[in-house]
Amino acid sequence: MNYMEGDKLVGFDTEFAEAVCKKLGYTPKFQLIEWGNKYMELDSGAIDCIWNGFTFNCADDDGIQRKDKVDFSYAYMNNEQVVIVKKDALAALNTEAALAGKKCSAEAGSAGEGVAKTLMGEAGQYIAVTAQMNALTEVKSGNVDFVVLDKTLALSVVGQGDYADLAIADGITIESEQYAIGFKKGSELTEKVNGAIKELAADGTLTELAEKYNLSNYLVTEYK
């Protein structure tokens, strides 16, 4: 969704944001934040929106629905959380029951965090990290038994390169979710961005971006 290619930020969300800003006459400024601080950054005015694979149809770890904390744009991408384990542990950890009491990790403040804690249960042990890629390092090193992260990310890295020894636990099904852009409550940007999203969908820009980043199967095509 967002990643560095050399010294340039690229990815579906990056180009999507650039296209929306162009429609609205803005110049985008991308700012890296710790995901666990996203609401503080938004409410303080340090950022104008949260735009990076932000799941809108879920509650945070405090039990409060995200839609009660921020205003969301139209959903634009389907997603789900998946469990990642070492390949040599896949046979033993491919059911929800097998994860109870295990040690796990996820990005602090992410949708995956709540899922990970639910799966491990009261007897499990949880380690929060500041980025989803750091969670993969935790399971690769053997520091945790499993991690939970976005499927869109997992499909692009798990089982390949440095993460060739990891696998998606496909025996575990987690409820699907959707990405949207988060704005401060009452922000006039929400309506403006929604209008731009519809235009970019109508002129084929979003379809082209989804094809470019192999996300065609996840793109939302109806906005309401």
Side-chain angles (χ1 to χ4, degrees), residues 1-3 11 13 32-41 50 52-67 69 77-180 182 215 218:
M1 305 306 288
N2 300 94
Y3 61 96
D13 270 344
L32 179 66
I33 63 170
E34 286 197 11
W35 197 242
N37 295 333
K38 57 188 176 293
Y39 300 119
M40 181 181 68
E41 296 278 359
I50 304 169
N52 181 18
F54 188 17
T55 301
F56 91 91
N57 55 331
C58 72
D60 284 312
D61 198 35
D62 57 10
I64 301 174
Q65 292 291 322
R66 287 179 168 178
K67 65 181 180 180
K69 299 180 179 182
M77 187 73 65
N78 293 307
N79 184 49
E80 61 189 73
Q81 300 297 314
V82 292
V83 172
I84 308 300
V85 300
K86 281 194 168 183
K87 279 185 177 178
D88 58 13
L90 182 59
L93 297 176
N94 206 21
T95 66
E96 289 188 26
L99 301 181
K102 294 296 189 291
K103 194 173 182 180
C104 64
S105 181
E107 181 182 43
S110 70
E113 182 173 60
V115 173
K117 290 181 177 180
T118 298
L119 290 171
M120 74 177 190
E122 294 182 0
Q125 183 177 350
Y126 174 71
I127 296 177
V129 293
T130 58
Q132 293 194 72
M133 295 302 290
N134 293 346
L136 289 176
T137 301
E138 291 290 323
V139 70
K140 180 178 174 63
S141 69
N143 195 37
V144 299
D145 299 300
F146 73 93
V147 300
V148 180
L149 69 156
D150 291 347
K151 186 175 183 178
T152 50
L153 172 61
L155 290 176
S156 67
V157 296
V158 171
Q160 308 170 48
D162 292 340
Y163 305 102
D165 57 341
L166 303 182
I168 296 174
D170 55 8
I172 301 168
T173 302
I174 301 168
E175 186 176 354
S176 62
E177 59 190 38
Q178 291 183 315
Y179 291 157
L215 293 169
Y218 300 96

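- Look at Asp162 and Lys140 and you find no salt bridge, because none of the NZ, NE, NH1 or NH2 atoms lies under 4.0 Å from a carboxylate O.
- For the pair Leu153 and Gln132, the tightest heavy-atom approach, listed with the atom from each and the gap, is CD2-CB, 3.6 Å.
- Looking at Phe56 and Glu177, their side chains never come closer than 4.5 Å, going by heavy atoms from C-beta outward.
- Considering OG of Ser141 and NZ of Lys86, their distance stands at 7.0 Å, rounded to 0.5 Å.
- Put simply, the side chain of Asn52 reaches to within 4.5 Å of the side chain of Trp35, judged on heavy atoms.
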Stepwise side-chain contact (heavy atoms from CB on, under 4.5 Å) test for Met1 and Leu215: CA-CA 10 Å; Met1 305 306 288; Leu215 293 169; 3.9 Å; yes
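- Under a 3.5 Å cut-off, the side chain of Lys38 and the backbone N or O of Gly109 do form a donor-acceptor pair.
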Working for side-chain contact (heavy atoms from CB on, under 4.5 Å), residues Leu119 and Val83: CA-CA 10 Å; Leu119 290 171; Val83 172; 3.6 Å; yes
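- With hydrogens and angles disregarded, no donor-acceptor distance shorter than 3.5 Å links the side chain of Arg66 to the backbone of Asp60.
- Here the closest heavy-atom approach between residue Val82 and residue Ile168 is recorded as CB-CG2, 4.0 Å.
- Here the closest non-hydrogen pair linking Ala128 and Glu113 is CB-OE2, 4.2 Å.
- For the residue pair Ala169 and Leu93, the shortest heavy atom distance occurs at CB-O, 4.0 Å.
- Across all their heavy atoms, Glu107 and Thr130 have their closest contact at OE2-O, 3.4 Å.
- Taking CD of Gln160 as the reference point, atom CG of Leu155 lies at 9.0 Å (rounded to 0.5 Å).
- Panel note: side chain Lys87, backbone Ala164; a donor-acceptor pair is recorded below 3.5 Å.
- Taking CZ of Phe146 as the reference point, atom CE of Met120 lies at 7.5 Å (rounded to 0.5 Å).
- In this structure, a donor-acceptor pair under 3.5 Å is present between the side chains of Asn78 and Gln178.
- Rounded to the nearest 0.5 Å, atoms CG (Asn57) and NZ (Lys67) are 9.5 Å apart.
- Between Asp62 and Lys69 there is a side-chain heavy-atom pair separated by less than 4.5 Å.
- No more than 12 heavy atoms of other residues, nucleotides or ligands sit less than 6.0 Å from atom CD of Glu122.
- Here the side chain of Asp150 pairs no donor or acceptor atom with the backbone of Thr152 at under 3.5 angstrom.
- Using a 4.5 Å heavy-atom threshold, the side chains of Leu149 and Val158 count as separate.
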side-chain contact (heavy atoms from CB on, under 4.5 Å) assessment of Tyr218 paired with Glu80: CA-CA 10 Å; Tyr218 300 96; Glu80 61 189 73; 5.9 Å; no
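- A donor-acceptor pair under 3.5 Å links the side-chain atoms of Lys102 to the main chain of Ala98, judged by distance alone.
- Between Val144 and Val147, the closest side-chain pair of non-hydrogen atoms falls below 4.5 Å.
- Panel note: side chain Asn94, backbone Asp170; a donor-acceptor pair is recorded below 3.5 Å.
- Across all their heavy atoms, Asp145 and Val85 have their closest contact at O-CG1, 3.7 Å.
- Atom CG of Asn143 is separated from atom CD of Gln125 by 8.5 Å, given to the nearest 0.5 angstrom.
- Taken from NZ in Lys117 to CG in Asp61, the straight-line distance is 3.5 Å, to the nearest 0.5 Å.
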